[in-house]
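Before any comments, here is the structure.
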Amino acid sequence: MTDTVLFEGTQLYQLIPQREPIVMVSHVYQITDTDIKSGLLVKEDNIFCANGKLTEPGLIEHIAQSAAAFAGYPFFVAGKQAPLGYIGEIKKLRIHQLPAAGSMLRTHIQLVSEVMGISLITAETTVNDTPVVSCQMKIFINE
Amino acid sequence: MEKQELIERINEVLIEEFEVEADVITPDADIKETLELDSLSLVDMVALIEGEFKVKIKGSEIAQLKTFGLLYDYIYDNIEK
């Protein structure tokens with residue numbers, strides 16, 4: 001599955017405030033008003049890898065940063081710096097497998113609702129179309 | 001959908017999601033107090049209402065929907081008839 005890449009590598013610094021070694025999004029393929037498709041090539045030296053696998057916190061941080069990229073895109077379009085965001089709550093977290101280093105995570109984030117600066121999103125991450133993790137997350141964007 | 005039918009449906013959805021007794025939900029009751037909502041669970045309620053009744057609740061108007069009666073009116077006025 002090849003998709004056009006909208007942002008990759010350091011281009012992502014325009015969308016998210018995080019910097020190495022804690023950048024957990026390596027690609028953005030699609031952004032609309034209500035969703036984003038992102039990716040992460042899991043490298044051996046990823047700070048969240050242990051025993052050659054990406055750990056649970058790494059999966060959560062990848063989802064949170066994908067959501068941050070979604071929230072940061074309008075700021076990028078407006079020529080502003082990406083805002084800081086905070087994870088407010090995680091619900092219905094399902095982790096099906098821990099992906100091995102070298103895997104390419106593909107994540108789809110959808111905006112469910114936005115209330116007074118808090119965004120409720122759903123997230124689904126796969127590797128080669130096999131489910132890895134899914135959850136609901138509330139993100140608070142500090143504009 | 002008739003208004004009374006709508007009200008019963010709204011109550012049903014809220015009772016199930018927030019696990020409260022039916023009799024605590026009255027038109028004049030304060031929504032946040034009754035459902036024990038904080039800022040995060042308020043997002044859940046809005047998402048639930050928007051998803052269930054296909055209405056869009058504007059952020060600026062949420063603060064004004066203090067009672068269940070006001071919520072009923074808002075949904076009834078904005079639902080596709």
Side-chain angles (χ1 to χ4, degrees), chain A residues 31-36 56-57 59-61 63-75 77-78 80 82-94 107-125 133-143, chain B residues 1 6-7 9-20 25 27 29-81:
Chain A
I31 296 182
T32 69
D33 289 343
T34 56
D35 75 334
I36 185 172
E56 295 84 345
L59 291 172
I60 290 170
E61 186 60 24
I63 288 172
Q65 288 189 25
S66 298
F70 172 71
Y73 185 66
F75 289 80
V77 170
K80 297 181 188 170
L84 279 179
Y86 307 91
I87 298 174
E89 183 178 69
I90 299 170
K91 283 172 93 166
K92 299 177 181 171
L93 176 64
R94 299 270 184 289
T107 293
H108 187 202
I109 303 269
Q110 295 183 77
L111 179 65
V112 174
S113 201
E114 196 167 355
V115 180
M116 294 190 276
I118 298 173
S119 302
L120 170 61
I121 60 121
T122 60
E124 289 179 353
T125 298
V133 55
S134 61
C135 71
Q136 275 186 7
M137 195 177 277
K138 291 194 182 95
I139 304 282
F140 177 76
I141 297 300
N142 199 10
E143 294 193 30
Chain B
M1 187 187 297
L6 176 64
I7 289 172
R9 184 75 193 114
I10 293 168
N11 290 350
E12 204 178 288
V13 163
L14 293 176
I15 288 164
E16 183 183 332
E17 173 73 14
F18 295 99
E19 297 172 347
V20 294
I25 294 184
D30 182 279
I31 295 175
K32 279 191 168 179
E33 281 175 20
T34 306
L35 303 183
E36 298 177 0
L37 300 180
D38 58 20
S39 56
L40 294 176
S41 47
L42 175 63
V43 178
D44 289 324
M45 189 200 79
V46 171
L48 181 69
I49 294 292
E50 289 182 337
E52 193 70 34
F53 301 100
K54 303 298 182 266
V55 293
K56 181 63 188 170
I57 302 180
K58 300 186 187 73
S60 54
E61 292 170 332
I62 290 165
Q64 294 147 38
L65 301 178
K66 292 193 181 302
T67 66
F68 290 99
L70 293 170
L71 180 64
Y72 301 148
D73 292 342
Y74 184 92
I75 295 171
Y76 186 71
D77 293 342
N78 289 278
I79 203 168
E80 276 179 38
K81 309 241 178 11

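Here the structure is a predicted model, which is why all the values come from computation and not from measurement.
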Which heavy atom of [X] sits nearest to which heavy atom of [Y], and what is that distance?
{"X": "Met45(B)", "Y": "Leu35(B)", "answer": "SD-CD1, 4.1 Å"}
{"X": "Thr67(B)", "Y": "Pro27(B)", "answer": "CB-O, 3.4 Å"}
{"X": "Ile75(B)", "Y": "Val55(B)", "answer": "O-CG1, 4.2 Å"}

Does a side-chain heavy-atom distance below 4.5 Å link Glu36(B) with Val20(B)?
-> no
Measure the CZ-CG distance between Phe68(B) and Asp30(B) for me, rounded to the nearest 0.5 Å.
-> 8.0 Å
Mind checking what makes side-chain contact (heavy atoms from CB on, under 4.5 Å) contact with Ala68(A), not counting sequence neighbours?
-> Ile16(A)
How about the chain B/chain A donor-acceptor pairs under 3.5 Å, what are they, with distances?
residue	atom	partner	partner atom	Å
Leu40(B)	O	Lys138(A)	NZ	3.3
Asp44(B)	OD1	Lys138(A)	NZ	2.9
Asp44(B)	OD2	Lys91(A)	NZ	3.1
Asp44(B)	OD2	Lys138(A)	NZ	2.9
Glu50(B)	OE1	Ser113(A)	OG	2.7

Examine whether an atom of Leu40(B) lies under 4.5 Å from a heavy atom of chain A, and if so say whether it belongs to the side chain, the backbone or both; otherwise answer neither.
-> both
